[in-house]
Amino acid sequence: MKSVLRLTVNGRDEELLVDSRAVLAEVLRNELRLTGTHIGCGTGSCGACTVLLNGDTVKSCCVVALDAAGQDVTTIEGIADGTALHPMQEAFASHQGLQCGYCTPGMILSSLQLLRDNPSPSESEVRHAIAGNLCRCTGYHFIVDSVLAAAERMRDGVE
Ligand code: FES
Ligand code: FES
């Protein structure tokens, strides 16, 4: 059965006809073509599908899309300023925070929520914040470096 879903995605109002069983990750990828939201496990374990829902991270493979009606979704495509990368994206690029990149959108969105709540995190606080985002490539060290570098830059007022 299909139902109308109205929500805001990356600042844009959207109205879509979606399967009532579809999860948010599927709607973002398949209907809105926002393929930066990745699907790894599909069961809430890996964090590849992390997006911000009203500013807080959720695993979008576990959110029924219709439950996001009327809410505000931010995906990785929504954080850059036009062609200028967000400082967090720049930090991941310049500090080798990614290899295959599959985990990267979710890592970045989890890290942004951390810095919103705690602009000066310690290394262990960064590790705790990304604990729900699995990376099979990097060993996490350069991801943590990237987040700490972004935090410093954002505290210096570069947004
Ligand atoms: Fe959603 Fe793995 S795809 S947590
Ligand atoms: Fe490959 Fe993290 S960079 S899974």
Side-chain angles (χ1 to χ4, degrees), residues 3 5 7-10 14 16 18-80 84-118 121-154:
S3 303
L5 169 64
L7 77 175
T8 304
V9 181
N10 298 333
E14 304 283 0
L16 308 152
V18 302
D19 190 294
S20 53
R21 294 163 303 179
V23 294
L24 183 58
E26 295 169 329
V27 169
L28 293 169
R29 289 180 56 84
N30 302 337
E31 308 297 330
L32 296 174
R33 302 290 172 198
L34 295 170
T35 54
T37 299
H38 295 156
I39 298 178
C41 63
T43 57
S45 300
C46 75
C49 63
T50 302
V51 299
L52 300 178
L53 188 62
N54 303 321
D56 293 323
T57 53
V58 293
K59 291 176 176 170
S60 61
C61 71
C62 296
V63 176
V64 173
L66 289 173
D67 286 345
Q71 302 191 58
D72 189 20
V73 177
T74 302
T75 71
I76 193 68
E77 290 89 349
I79 67 168
L85 292 178
H86 188 283
M88 185 69 77
Q89 293 172 303
E90 285 188 343
F92 269 70
S94 60
H95 288 74
Q96 292 81 48
L98 70 153
Q99 289 184 25
C100 79
Y102 206 80
C103 69
T104 310
M107 284 287 182
I108 286 179
L109 291 167
S110 291
S111 301
L112 285 177
Q113 185 188 7
L114 167 67
L115 297 194
R116 182 199 68 190
D117 298 339
N118 177 5
S122 65
E123 178 181 333
S124 65
E125 286 169 332
V126 173
R127 288 185 184 275
H128 181 73
I130 61 171
N133 296 85
L134 303 185
C135 177
R136 64 186 173 184
C137 305
T138 64
Y140 299 96
H141 179 77
F142 290 122
I143 290 176
V144 174
D145 275 359
S146 301
V147 177
L148 292 173
E152 188 176 345
R153 197 157 164 224
M154 290 166 70

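Read the numbers this way: they start at 1 and go in the same order the structure lists the ligands and their atoms.
- Checking Cys46 against atom 2 (Fe) of ligand 1, an N/O/S atom falls under the 2.8 Å cut-off.
- When each atom of ligand 1 is checked for a heavy atom of Cys41 under 4.0 Å away, the hits are 2 (Fe), 3 (S), 4 (S).
- Which parts of ligand 2 touch Gly101 is read off a 4.0 Å heavy-atom cut-off, strictly below it: atoms 1 (Fe), 3 (S).
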Residue pair Leu32, Leu16: steps toward the side-chain contact (heavy atoms from CB on, under 4.5 Å) verdict: CA-CA 9 Å; Leu32 296 174; Leu16 308 152; 3.8 Å; yes
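- Here is the list of ligand 2 atoms found below 4.0 Å of a heavy atom in Arg136: 4 (S).
- Looking at heavy atoms from C-beta onward, Val58 lies out of side-chain contact with Thr50 at the 4.5 angstrom threshold.
- Checking Cys61 against atom 2 (Fe) of ligand 1, every N/O/S atom stays at or beyond the 2.8 Å cut-off.
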From CA spacing to verdict: side-chain contact (heavy atoms from CB on, under 4.5 Å), Gln89, Ile79: CA-CA 9 Å; Gln89 293 172 303; Ile79 67 168; 3.7 Å; yes
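- A side-chain contact (heavy atoms from CB on, under 4.5 Å) with Tyr140 is found for exactly one of Leu134, Asn133, Val126, namely Leu134.
- The ligand atoms of ligand 1 that sit less than 4.0 angstrom from a heavy atom of Gly42 are 2 (Fe), 3 (S).
- Ranking the protein heavy atoms by distance from atom 3 (S) of ligand 2 puts Gln99 N, 3.3 Å first.
- For atom 2 (Fe) of ligand 2, the set of nearby N, O or S atoms under 2.8 Å includes one belonging to Cys103.
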His95 vs Phe142, ring pair (Phe, Tyr, Trp, His ring centres under 6.0 Å): CA-CA, chis, key distance, verdict: CA-CA 6 Å; His95 288 74; Phe142 290 122; 9.0 Å; no
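- Interface of Cys137 with ligand 2, defined as ligand atoms under 4.0 Å from a residue heavy atom, comprises 1 (Fe), 3 (S), 4 (S).
- Interface of Cys49 with ligand 1, defined as ligand atoms under 4.0 Å from a residue heavy atom, comprises 1 (Fe), 3 (S), 4 (S).
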side-chain contact (heavy atoms from CB on, under 4.5 Å) evaluation trace for Ser60 with Val23: CA-CA 7 Å; Ser60 61; Val23 294; over 6 Å; no
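- In the displayed structure, Arg136 atom CZ is contacted under 6.0 Å by at most 12 heavy atoms of other residues, nucleotides or ligands.
- Arg29 places a side-chain N or O within donor-acceptor distance of the main-chain N or O of Thr35, the cut-off being under 3.5 Å.
- Heavy atoms of Ser45 found under 4.0 angstrom from ligand 1 belong exclusively to the backbone.
- The ligand atoms of ligand 1 that sit less than 4.0 angstrom from a heavy atom of Gly44 are 4 (S).
- Less than 4.0 angstrom separates some heavy atom of Cys135 from each of these atoms of ligand 2: 2 (Fe), 3 (S), 4 (S).
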side-chain contact (heavy atoms from CB on, under 4.5 Å) between Leu5 and Glu31, worked out: CA-CA 11 Å; Leu5 169 64; Glu31 308 297 330; over 6 Å; no
